[in-house]
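These numbers come from a predicted model, not from an experiment. For the numbers below, each heavy atom of this structure counts, side chains included, while hydrogens, waters and symmetry mates do not. Residue numbers count from 1 along this sequence. When a ligand or atom number is given, it counts from 1 through the structure's own listing order.
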Amino acid sequence: MISVDLPTPTRVLAIGAHPDDIEFGCAATLAKWATAGAVVTLCICTDGGKGTWDAAADTAALVARRQEEQRAAGAVLGVSGVEFLGYVDGELDHSVEARGAVCAVIRRTQPDIVVGHDPWQAYRVHPDHHHAGMLALDGIVAARDPHFFPEQGLKPHRPATLLCFEPGRVDHVENVDGFVDRKIDALLAHRSQWQSTMGIDDAPDEQRRAFAAGLQAEARAQGLRAGLRAAEAFARIDDL
Ligand SMILES: [Zn+2]
């Protein structure tokens, strides 16, 4: 049984491993909610400093550039803020320290809905995606209970729902008809990632159109699950 469309949340926190992960996973849904008045915050766990195929790249400059791109993508979606935790790209873990950092973001932003990577997706290649998914879960468990990280001096907070994007199991979809173009525009704001994650390189106009068409096709395919013209798919956990 697949549920369709949660009520528009008041506050949403999306947690991704790298700049651009959130856009791939749930940008159209975030754009829809922001347009409807939700306060949306993005939390990026790593600095994105390995996100290039250029072995000679200045990685400090890349980190700064990717933060700017992430802010620009957030502006396309209408988000209220972007938090960068700054862990080294490729070396994320879900240590107690990192859990505390995510817990603090949850307690500060008080989201009704948290959106993050599915930590149980099988055959996942990038370890940061797995760890960022675990951090969303572990951060929620810590944020809700007062005896976790009391030194933060922040009020405990229990979100109502966790939605996991790129899910191993789909049991929820959000109708994003009319918002897929915003997802495409937000992804294209990550200009440094065109070559490495979007297949846009030596024939940019043609390849950009193909990239956009692929995203539209994916949204249509997910929509078929529930008779919608376009959707994003999630694993849904309410028992938090
Ligand atoms: Zn990533």
Colleague: Run through the protein N/O/S atoms less than 2.8 Å from the Zn ion (ligand 1) and write them out by chain and number.
Modeller: His18 ND1, Asp21 OD1, Asp21 OD2, His129 NE2
Colleague: Salt bridge or not for Arg99 and Asp138, using N-O below 4.0 Å?
Modeller: yes
Colleague: For residues 8-17, dump all side-chain donor-acceptor pairs below 3.5 Å to protein atoms at least two apart in sequence or in another chain.
Modeller:
{"unit_1": "Arg11", "atom_1": "NE", "unit_2": "Gln110", "atom_2": "O", "d": "2.7"}
{"unit_1": "Arg11", "atom_1": "NH2", "unit_2": "Gln110", "atom_2": "O", "d": "3.4"}

Colleague: Could you walk me through whether Val141 and Phe148 pass the side chain to side chain contact (heavy atoms under 4.5 Å, CB included) check?
Modeller: CA-CA 9 Å; Val141 170; Phe148 286 81; 4.2 Å; yes
Colleague: Could you tell me the separation between the CG atom of Asp145 and the CZ atom of Arg158, rounded to the nearest 0.5 Å?
Modeller: 6.5 Å
Colleague: Using the six-membered ring wherever Trp is involved, compare the ring planes of His94 and His131 and label them parallel, tilted or perpendicular (cut-offs 30° and 60°).
Modeller: tilted
Colleague: Using the ring centroid of each side chain, check whether His126 and His18 are separated by less than 6.0 Å.
Modeller: yes
